[in-house]
Amino acid sequence: MNPGFIGYLANLCQVAEVAPGVAKSIVQELADQRQNLKLIASENYCSLATQLAMGNLLTDKYAEGIPLHRFYAGCDNVDAIEAYACEQVKTLFGCEHAYVQPHSGADANLIAYWAILQTRVEMPALRELDVKDPSKLSQDDWNAIRSKLGNQRLLGMDYYSGGHLTHGYRHNVSAMMFDAYTYGVDKASGLLDYDALEQQAKEVKPLILLAGYSAYPRAIDFRRLRAIADAVDAVLMVDMAHFAGLVAGGVFEGDYNPMLHAHVVTSTTHKTLRGPRGGLVMCASEFAEAVDKGCPLVIGGPLPHVIAAKAVAFTEANSPEFKTYAQAVQRNAGVLAQACVDEGLDVATGGTDNHLMLINVTGFGITGRQAESALRECGITLNRNSLPYDPNGPWYTSGLRIGTPGVTTLGMGESEMREIAAVLKLVLSNMTPNTIESGPNAGKLSKAKYSIDPHAHDEARARVTALLDRFPVYPELDLPFLLEHFGAS
Ligand SMILES: *Cc1c(COP(=O)(O)O)cnc(C)c1O
């Protein structure tokens, strides 16, 4: 029996003894993932070694502080694990300093923001900010805090151009801490306009020039961004949450490798990097001391079991196999984008340089939301995404975001990418929006409801199933056995 499967089995037996419903849902999740093709650009399948490293007594430990400098006794083994994880990150990315405690990408960004503020700005002591109950801060409170911090400016990529909520989106705390400005992509090309950005940076004079994205399909010239940041004395921060795996795997080199150009780099560990759900901050030594105070500044106790899983995943990412994987992710994305173009789909910017692409579906008379739902019905899981300057807004959207990290982990290659493009076309070209029946909009086309031709639906579903049968999710796990023992209702 495969050791990963033995580990799973032991784990589920133990869980089922206490909470059988939880064990059942875990097994059902495996069953669902076996039946649906994952094209979500921000998701992946981490190794069983990574998963199993999280399921143990390390979760019992408090380990506030950093290795060899803790506020709790008895942290020797957590010290060894965390120090090892940091060394693996330094080898992987070639950075001066690594901090592996953030629970998520959003935490990593908050830690980086405050570390930059504390390092570069004459800060009032935090206790002077009069924050009595941080969970009840009003907009006025935030304005007062921001003004005490000197109304520092953040210039990040606009959410609607592919930036992330934590990059200054108005409902995120980043837009309340900073006087937040955003840059977008060029309306005609969909690409970053570096000259326009340089102009804007000179006008805004931000403390932080922030790059990185969740939905931009092209490589970014970080050398150019560093020159822009230097010209206005800004800190260049790069959030590589989405493409860290491509950096680790050597796909983005030279001008396109943020590690060579940014002062501070943040990431998630669970997207292309293929580790457990979590965050990561890397920085030049100037910011190291402040970054290491992420706890207690932003986070409470670190999660030693997740840090152990990060250590496993970073070790995997340092292997030659991971380089091959990262290159295959990018190659598959390029082949899939070209196949979509060949099928007549409208691929934003005409293609991709990374692991993701955006498809405009409005040519089929439908919204992103309708396309997302119909594809899920046919066994394809992906997410709708607004396109730059999207007339359908962030809820209905005009686009789909498609990524290849997951299907590449399953072992799929170029011919499978062409098959996926054909199935996407089959579904999208056989959909019609429904007409709204009653209410003030009666007679108009719905942006949510749709019909799909039943023959197209069945054919798509069968083709997806055929693909997944050849490339099963977690093949080490004996699903029929697990369903028989834990899945019965
Ligand atoms: C996913 C993502 C994050 C947030 O990561 P979480 O772990 O979900 O908090 C931050 N920045 C970017 C660019 C992302 O794509």
Side-chain angles (χ1 to χ4, degrees), residues 38-44 46 50 54 99-114 116 154-169 171-175 177-178 180 182-185 192 208-220 222 225 236-248 252 258-259 262 264-282 294 298-300 302-303 306-307 309-310 313 329 333 352 354-358 382-386 388 394 399 401-406:
K38 172 145 84 186
L39 294 177
I40 294 183
S42 53
E43 291 188 10
N44 209 329
C46 72
T50 296
M54 281 182 277
Y99 182 66
V100 299
Q101 293 183 9
H103 307 337
S104 67
D107 284 358
N109 284 344
L110 263 185
I111 291 166
Y113 292 149
W114 281 102
I116 294 168
L154 172 73
L155 178 56
M157 194 183 214
D158 174 27
Y159 178 60
Y160 298 100
S161 294
H164 190 258
L165 296 168
T166 56
H167 295 188
Y169 182 68
H171 293 305
N172 183 264
V173 67
S174 53
M177 282 166 54
F178 290 101
T182 57
Y183 55 88
V185 293
L192 266 178
I208 301 175
L209 174 61
L210 175 56
Y213 52 78
S214 307
Y216 181 69
R218 293 296 178 177
I220 291 179
F222 296 109
L225 290 186
L236 177 62
M237 171 173 158
V238 175
D239 175 357
M240 62 173 185
H242 253 264
F243 56 93
L246 301 185
V247 176
F252 286 151
M259 302 308 306
V264 178
V265 176
T266 57
S267 184
T268 59
T269 49
H270 50 275
K271 297 181 183 174
T272 49
L273 199 49
R274 207 163 64 176
R277 187 159 291 282
L280 173 65
V281 182
M282 288 155 288
V298 172
I299 59 177
L303 308 173
V306 178
I307 293 174
K310 286 174 178 171
V329 167
T352 174
N354 52 26
H355 61 295
L356 69 84
M357 66 210 71
L358 295 166
L382 44 65
N383 59 296
R384 65 186 186 278
N385 212 100
S386 42
R401 187 183 67 164
I402 298 181
T404 53

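First listed ligand is number 1; within each ligand, the first listed atom is number 1.
With sequence neighbours left out, the salt bridge (charged side-chain N to carboxylate O under 4.0 Å, His left out) criterion links R277 to no other residue.
Across every non-hydrogen atom of Y113 and M237, the tightest pair is CE2-CE, 3.6 Å.
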Go ahead and list the nitrogen or oxygen contacts between ligand 1 and the protein that come in under 3.5 Å, distances to 0.1 Å, or just say none.
{"from": "ligand 1", "atom 1": "7 (O)", "to": "G105", "atom 2": "N", "distance (Å)": "2.8"}
{"from": "ligand 1", "atom 1": "9 (O)", "to": "G105", "atom 2": "N", "distance (Å)": "3.3"}
{"from": "ligand 1", "atom 1": "9 (O)", "to": "A106", "atom 2": "N", "distance (Å)": "2.9"}
{"from": "ligand 1", "atom 1": "11 (N)", "to": "D239", "atom 2": "OD2", "distance (Å)": "2.5"}
{"from": "ligand 1", "atom 1": "15 (O)", "to": "S214", "atom 2": "OG", "distance (Å)": "2.9"}
{"from": "ligand 1", "atom 1": "15 (O)", "to": "K271", "atom 2": "NZ", "distance (Å)": "2.8"}

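Atom OG of S42 is separated from atom CG of N383 by 6.0 Å, given to the nearest 0.5 angstrom. Note that CD1 of I220 is 5.5 Å distant from CE of M157, once rounded to the nearest 0.5 Å.
Using a 4.5 Å heavy-atom threshold, the side chains of Y160 and P394 count as touching.
Judged by distance alone, the side chain of K310 and the main-chain N or O of G279 form a donor-acceptor pair under 3.5 Å.
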